[in-house]
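Structure record follows, encoded as structure tokens.
Quick note on labels: first sequence line is chain A, next is B, and so on, each numbered from 1.
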Amino acid sequence: MKSKEIAHRFDQIADVLEFLGENQFKVGAYRKVARTLSDLTEDIEVISREGRLREIPGVGEGIAQHIIEYLDTGKISKYEEELKRVPPELIQLMNIPGMGPKTLALANKTLKVRNLADLKRVIEDGSLAGLPGLGEKKVENIRKGIARFEAVKERIPLGLALPLVETIMAGLKKGFKITMISPAGSLRRMRETVGDIDILVGSSQGKKMVEVFTHLPMVKEILAAGETKGSIISDEGFQVDLRVVPEKAFGAALQYFTGSQAHNVKLRGIAQKTGFKVNEYGVFRGEKLVAGKTEEEVYESLGLQYMPPEMREDRGEIELAREGKIPRLVEVSDIRGDLHVHSRHSDGTGEIEDIAKKAKEKGYQWIAICDHSKSAKYARGLPESEVLKVIEEIEELNGKLKGIRVLAGVEVDILTDGSLDFPDRLLKKLDLVVGAIHQGFKKDVTRRMIRAMENPYLKIIAHPTGRLISSREGYEVDIDAVMAKAAETGTALEINAHYDRLDLDDLNVMKAKKKGVKLAIGTDAHSVGMLEYMRLGVAVARRGWLGPEDIINTSSAEKIKGWKKA
DNA sequence: GCCGTTTTCGGCCCGACTGTTTTCAGTCG
């Protein structure tokens, strides 16, 4: 995790350099390398030891020295002094919409603004508006920006943003005959959380469409309503932007607004070198439009294979596309079953039969019921005798139901000594054993997981890091060691598809695949409706570049039942 | 500060919008 620390350091340096008015490309160089480092799946200390730092894109002579110094001493001396002279609470103010580095530097220099309170003061007494280049309107903008800055909402979990965007798109389709409409931005790339929600439409009726959009039932506040762009706050407090572009530019605009920014920057760099220009209206050679209607033709015109949105993070996908080696990613339609579902027998709400019927409706071939084990008191964990009864109930159901097979599983607690909460004689009667840590998050988690994986009946480790996106860091666990043991024993690691978990995350999934670990998607559904979270798990898998062959869920029921570990 | 299908020096993604300006700087996505 050293690379994340270094990334954070470089981001701070970029902030300070920007504030000081340094060369913007230097600032950009630090930002870019910070992002690359925070995405790194390999251990930076190993890379450094083996003298391969310069192989990391964006790491040159100077930055390599900074990294080495940080790894040795925990400091980057060149910037220690500079960082000390610029207080963090001042730099924070650059996050106020309308307040950039130039304005902040000017306010700091001439009006001695050092923090938010100072800034509010110079707004109230009128001195900010008196500065060159500023005026009443700009200051009013900053005042509004402060209000937004102070009310800053958490990022929106993907699992909550998706239903909202679907409702809005359905609302727009009611009023218009639209063929070109799509989510864009980080939502389309299926990031685990999104800052705001972008929707793009290809149409000549921009003004009317914005009108309908801003008067949909879930609109709480209208932020903007123009000819081509509308912006609202939903009743849940989420910002949604609608953009309307001409149909012939829909593909180019979709590419542009989907991002990521890093992906687009690299794409345009390539375009430029080969004599093209790319913007949201199309790909141009000189004045001549050569592509724009579809995303496919935008990429193709630049000599690149099409890339799924989930891959567009500048993590090497453009290089692959150049060689025509973009992998076939797993799709929701490849999924034959869900590997982690709770019923009313423990802390879920659904009857097994209803869960099975819903699974069949979703096109699954099988579904694994995995209720909690006896030590999980808070989740009404089952004693051995009850598990036997559930196995009987499932056998009976399988005799009755057609077109769907229910697998009898359990989510068994990994106890504080690394043993499992049920004896092997019970585990071997089950079709699937999923193990999980639910207590003692700081107690020897790595060693416990490793010991648990040595049990031949335990096939999957659920939510391996234990993080909760909204509220919890996760266990104290050495995930590399866990992955190594998983690869050695043939244990699968879970992609828990609940929107607040998504654990493993995309980067860990990518790393697991490299280490030869199989992944298992489980929704951890506690109600029938929560089976829908499967698409979030698939999204994480796609962001980790997984194909159908990397995922246990694409196997048949027989294969899952007969699965023997290495 | 990085980097090389034009380069070891001179570039570095691109455009919209806004407000403050008489031609453009700053901010944003």
Side-chain angles (χ1 to χ4, degrees), chain A residues 10-11 13-14 16-37 53-67 76 78-79 93-107 128-142 144-145 148-149 184-187 194-198 200 223-224 226-229 231 239 241-245 249 252-253 255-284 298 302-303 314 318 322:
Chain A
F10 285 161
D11 248 333
I13 290 170
V16 171
L17 294 179
E18 191 170 28
F19 172 76
L20 295 173
E22 272 275 359
N23 179 327
Q24 54 164 316
F25 299 110
K26 190 179 190 176
V27 174
Y30 276 107
R31 292 233 189 274
K32 189 180 158 197
V33 79
R35 222 190 58 84
T36 307
L37 290 180
L53 282 176
R54 296 286 299 271
E55 290 171 20
I56 300 171
V59 176
E61 181 72 43
I63 285 186
Q65 282 309 316
H66 293 335
I67 294 175
I76 299 173
K78 184 170 178 194
Y79 292 104
L93 302 183
M94 281 202 292
N95 292 325
I96 297 169
M99 195 79 178
K102 298 283 198 270
T103 312
L104 184 61
L106 185 67
L128 188 64
L131 294 181
L134 283 118
E136 290 301 333
K137 286 200 171 175
K138 277 206 167 169
V139 171
E140 186 49 34
N141 249 340
I142 293 170
K144 282 184 190 154
R148 264 207 278 164
F149 174 74
S186 52
L187 181 86
V194 302
D196 56 17
I197 296 170
D198 296 306
L200 185 74
L223 297 178
E227 305 265 315
T228 63
K229 188 184 159 176
S231 194
Q239 182 170 338
D241 295 341
L242 176 78
R243 291 165 208 273
V244 187
V245 299
Q255 194 289 317
Y256 175 82
F257 288 116
T258 297
S260 65
Q261 199 186 7
H263 174 92
N264 283 357
V265 166
K266 181 165 270 183
L267 194 74
R268 284 159 191 228
I270 288 174
Q272 202 184 36
K273 278 176 196 143
T274 47
F276 292 99
K277 189 180 72 170
V278 181
N279 59 31
E280 57 265 53
Y281 302 109
V283 180
F284 298 86
V298 167
L302 298 170
D314 189 24
I318 291 179
R322 271 180 139 162

Rounded distance (nearest 0.5 Å) linking atom NZ of A:K144 with atom CD1 of A:I96: 15.0 Å

Distance, P atom - from B:dA16 to B:dT21, rounded to whole angstrom: 24 Å

Between B:dC12 (P) and A:E22 (CD): distance, integer Å: 19 Å

Euclidean distance for C1', B:dC13 against B:dG29 (whole angstrom): 12 Å

B:dT7 versus B:dC3 - spacing of their C1' atoms, nearest Å: 10 Å

Inter-nucleotide C1' distance (B:dT8, B:dG4), Å rounded: 8 Å

Sugar-phosphate only, base, or nothing, as touched by A:V278 at under 4.0 Å among non-hydrogen atoms: sugar-phosphate

Check: B:dG19 base within 3.5 Å donor-acceptor of A:N141 side chain: no

Touch class at under 4.0 angstrom, heavy-atom based, for A:V59 against every strand present: sugar-phosphate

B:dC17 versus B:dT23 - spacing of their P atoms, nearest Å: 23 Å

Sugar-phosphate only, base, or nothing, as touched by A:N279 at under 4.0 Å among non-hydrogen atoms: sugar-phosphate

C1' gap between B:dG15 and B:dC9, integer Å: 28 Å

Of A:K137 and A:T274, the one whose closest DNA chain B nucleotide lies more 5': A:T274

Audit row: A:Q239, A:I197, side chain to side chain contact (heavy atoms under 4.5 Å, CB included) steps and yes/no: CA-CA 6 Å; A:Q239 182 170 338; A:I197 296 170; over 6 Å; no

P atoms of B:dT20 and B:dG26, separation to the nearest Å: 14 Å

Interatomic distance, A:I270 CD1 vs B:dC3 P [rounded to whole Å]: 15 Å

Distance between P atoms of B:dT6 and B:dC2 (Å, rounded): 23 Å

Sugar-phosphate, base or nothing in reach of A:L134, heavy atoms under 4.0 Å: sugar-phosphate

Among A:H263, A:K266, A:K32, side-chain hydrogen bond (donor to acceptor under 3.5 Å, both in side chains) partner for A:D314: A:K266

A:T103 side chain near A:I142 side chain, heavy-atom distance below 4.5 Å: yes

Phosphate contact (B:dG15 OP1 or OP2) by A:K277 side-chain N/O below 4.0 Å: yes

Phosphate OP1/OP2 of B:dC14 contacted by A:Q272 side-chain N/O (<4.0 Å): yes

Sugar-phosphate only, base, or nothing, as touched by A:Q65 at under 4.0 Å among non-hydrogen atoms: nothing

Closest approach of A:A34 to A:F10 (non-hydrogen atoms, all atoms of both residues): CB-CB, 4.0 Å

Annotated protein contacts, base or backbone, on nucleotides 24-29 of chain B with a non-hydrogen cut-off under 4.0 Å, one of B, S, - each: --SSSB

Rounded distance in Å - CD1 (A:I142) to P (B:dT20): 10 Å

Approximate separation, where rounding is to 0.5 Å, of A:L104 CG and A:M99 CE: 4.5 Å

Sugar-phosphate, base or nothing in reach of A:K32, heavy atoms under 4.0 Å: nothing

d(CD1, A:I67; C1', B:dG1) in whole Å: 12 Å

Minimum side-chain heavy-atom gap A:D198-A:F257 below 4.5 Å: no

5'-most by nearest nucleotide on DNA chain B - A:I56 or A:F25: A:I56

Separation of B:dG1 C1' from A:L37 CG (nearest whole Å): 14 Å

Rounded interatomic separation in angstrom, taking CZ from A:F284 and P from B:dC13: 19 Å

Between A:Q255 and A:N264, a side-chain donor and acceptor under 3.5 Å: yes

A:N264 CG - B:dA16 P separation (whole Å): 15 Å

For B:dT8, the Watson-Crick or wobble counterpart (both distances under 3.5 Å): none

From CD (A:E22) to CD1 (A:I13), nearest 0.5 Å: 11.5 Å

For atom NZ of A:K266 and atom C1' of B:dC3, their distance in whole Å: 12 Å

